[in-house]
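In what follows, a structure is listed as structure tokens, so that the remarks can point back to it.
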Number of protein chains: 2
Amino acid sequence: MKQPEATRLVDVAAAAGVSLATASRAMSGGSGVSDELAGHVRAIADRLGYIPNVHARGLAGGLIASIGLVVHEIGDPYFAEISSGVIHRAAADGQSVQITHADRDPVSELAQVSALVMQRVGSIIIAGSGYTDAALEAPLDEALARYRARGGRVAVIGRHHLAVDAVLPDNVGAGRSIAQHLVGLGHRRVGLVAGPLDLNTVQDRLDGLRSVFARAGVATHTVSHAFTREGGIDGTNELLDAGRDVTAIVALNDAMALGALRVLRERGIRVPDEMSVAGVDDITVVADIAPALTTARIPMAEMGREAVALTLRREADEPRRIELGHELVVRQSTSAPRVGYNSPS
Amino acid sequence: MKQPEATRLVDVAAAAGVSLATASRAMSGGSGVSDELAGHVRAIADRLGYIPNVHARGLAGGLIASIGLVVHEIGDPYFAEISSGVIHRAAADGQSVQITHADRDPVSELAQVSALVMQRVGSIIIAGSGYTDAALEAPLDEALARYRARGGRVAVIGRHHLAVDAVLPDNVGAGRSIAQHLVGLGHRRVGLVAGPLDLNTVQDRLDGLRSVFARAGVATHTVSHAFTREGGIDGTNELLDAGRDVTAIVALNDAMALGALRVLRERGIRVPDEMSVAGVDDITVVADIAPALTTARIPMAEMGREAVALTLRREADEPRRIELGHELVVRQSTSAPRVGYNSPS
DNA sequence: GTTGTAGTGGAAAGCGCTTTCGGAAGCGCT
DNA sequence: AGCGCTTCCGAAAGCGCTTTCCACTACAAC
């Protein structure tokens, strides 16, 4: 049960001919040790293959060099790619990453954060939209505030209603770009397949889309379902069943776009000939499918990396936000509307 | 720095009117407490919102209730879906999951495992193929043996050359099913786009494919590249550039199949009219694309769940292996070869 | 009435580390 | 030489938990 040959800090101290306290100060970069002595101790530690015991550190010191990452569902490519960025950047910094699922449920999300706090992780990164309803965010906000008061570092990805460091993709701009692209192609009636309307990501993308469409006098019809492939299927079916004669469908993320594509294929509606389809995110796979999806690229892995970088900075001053750009990626799923199609009469 | 209102075990003990020792026994399921008293203590603990301090436990007890999961790259849907299964099952059991990247590198993989061992995680799950070259696996095997000797639980997913609990998909069967399907459609010349040949997953799938093709007198041509979408692109290009007049391409996993589909689309080769394409895995997205991919389903999430289940069993007897089935999923990317196509002369 | 035998309480010893505290040593200054 | 000052170091006190070792109470079995 006990590890037999584990080198402890006392062993290092003995080998280096210093006291335990000095060894500790040398290892954890504390002050009170001369640089040369510290260097010497660290050299000895390396030679002995010493690896600090995380739990002893956690018990004695408070927080540990570990990142807690909350995503909704790691099976979702959007979160998988963000996580990949987090893990890569964290590894470069010698930090381990604990991932938990919030399952798109605010209650579960709060529970996961609490669990992470109790594990004494040094930083918490929350990925995924927040609710625009402040009441739903309040408990989370409080929990995070308490955690930060204790020295914890927090960063959120893609949500901006919390008073913490944030990495924000350009959702509004992404929506605008997609809309401009469609307007440029000549579409006049567009269906918007959205996720839950109280998510800030959905709202922002919708704002971008509608601002452009409204100015161009393009009619839009919006349906709202789960922010997943299944939601895309439901939304597209609803749109089609309602008999809206739209010439293009914008899904609020690529997962929904994939669902839309599937429904259109099953119904024998050709893309882009009879219906243009666009998404948002540019998850890896949508570049390879036929027709390759027109979408607005959100730099997911980079968002993950930046979030880790935010938790690393020393100064604990006021919340900072990093805004990342987007990029319109035009592929084959969009084209000018064909006259004669989609006009029921 | 110190958490002010953290409920500790002594608090629970006081509230329940029992001693610290009894409370500890009640919480960690040890013997020496009546079930009713234990239940009472746990109820009080719940009411107080008590969450045990992981680090104190880790320090005192040896290993902690946490799972270390090693995958190659979480951005890869295959690993993302496995991870999803692991996280869900672990959460149901109150365990946290630490994910690290091995980046398809045996050296890195070993380093990750060592790091996890030092973190005193209670179990380690390694996902991803092993090398059939025993020399490459030896260091890992030794490290795991030491860890197990200390009470650590280990499970591997999809590799069978280690003396530990394993969850194994039916790779051979999957290969056979795909081959039978293609033989049944009348294909006589098939290209195999494989990953690295020293990975047991690749070998097993290849064995299944070739055994059936050989018996049916079908000619095969194999190329080997990275086990990723990019590898699929390279492999398909190599196959096509070599002028092999195959009527079907089997990619050894869906990621490679996606790459193959992309190359074929770029070259204007129609699927399945001019070329049938099949994959293995059935990652979520391949059901939605056009043409929907014919593939052999490997139950990834279930593999993740089973791996966690394996680490949970009490008896530390000899290695157990759980073999899961596969399922041929015929979609639109395969059809009978068209006479006249692909015959250069 | 004596002996077991669970179940429980109390006390205490760590687990390996960080950190506080006070002392020792080295420095420049008067 | 004497003073205060800064540096650096060693001893020791925990961090919250698991465990072990007894002691003690019931209550059943002999």
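Throughout, a chain's letter reflects where its sequence line sits, starting with A, and its residues are numbered from 1. Every heavy atom of this structure was used, including side-chain atoms; hydrogens, water molecules and symmetry mates were not.
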*Using modelled atom types only, decide if a donor and an acceptor are shared between the side chain of B:Y147 and the backbone of B:S114 within a distance under 3.5 Å.*
no
_Residues that A:E137 engages under salt bridge (charged side-chain N to carboxylate O under 4.0 Å, His left out), provided they are two or more places apart_ = A:R159
*side-chain N/O B:Y50 vs D:dG16 OP1/OP2, d < 4.0 Å*: no
*What pairs with A:R305 under salt bridge (charged side-chain N to carboxylate O under 4.0 Å, His left out), at least two apart in sequence or on another chain?*
none
_ring-ring contact (aromatic ring centres under 6.0 Å, His included) partners of residues 49-82 of chain A, not counting sequence neighbours, each pair once_ = A:H55-B:H55, A:H72-A:F79
*In whole angstrom, give the distance that lies between atom CG of B:L9 and atom P of C:dG10.*
14 Å
At a cut-off of 3.5 Å, list every protein nitrogen or oxygen paired with a nitrogen or oxygen from nucleotides 6-13 of chain D, distance to 0.1 Å.
residue	atom	partner	partner atom	Å
D:dG10	OP2	A:S19	N	2.6
D:dG10	OP2	A:S19	OG	2.7
D:dG10	OP2	A:T22	OG1	3.2
D:dG10	N7	A:R25	NH2	3.2
D:dG10	O6	A:R25	NH1	3.2
D:dG10	O6	A:R25	NH2	3.1

*Output every pair passing salt bridge (Lys or Arg N to Asp or Glu O under 4.0 Å) with a member in residues 37-47 of chain A, not counting sequence neighbours, ordered by first then second residue.*
none
*Nearest-nucleotide wise, let me know which of B:L59 and B:A23 is further upstream toward the 5' end of DNA chain C.*
B:A23
*Taking only N and O in the side chain of B:R57, is any of them less than 4.0 Å away from OP1 or OP2 of D:dC17?*
no
*asked:* Just the rounded figure in Å: distance from C1' of C:dT19 to CE of A:M27.
replied: 17 Å
_Degree of bending, the helix from C:dG1-D:dC30 to C:dT30-D:dA1 (end axes from five pairs; round to 10°)_ = 40°
*State which residues pass side-chain hydrogen bond (donor to acceptor under 3.5 Å, both in side chains) with B:S19; sequence neighbours excluded, sorted by chain then number.*
B:T22
_side-chain hydrogen bond (donor to acceptor under 3.5 Å, both in side chains) involving B:Q98 - partner list, sequence neighbours excluded_ = none
*Specify the separation, in whole Å, of atom CG of B:N53 and atom C1' of D:dG16.*
6 Å
*Integer-rounded Å distance: C:dG7 P and B:H40 NE2*: 18 Å
_Side-chain heavy-atom pair A:V12, A:V41 within 4.5 angstrom cut-off_ = yes
_For a quick test of reading the model: is some side-chain N or O of A:S24 closer than 4.0 Å to OP1 or OP2 of C:dC17?_
no
*Considering residues at least two apart in sequence or located in another chain, which fulfil the side-chain hydrogen bond (donor to acceptor under 3.5 Å, both in side chains) criterion with A:D103?*
B:H88
*Rounded to the nearest angstrom, tell me the gap between atom CD1 in B:I64 and atom P in D:dG16.*
17 Å
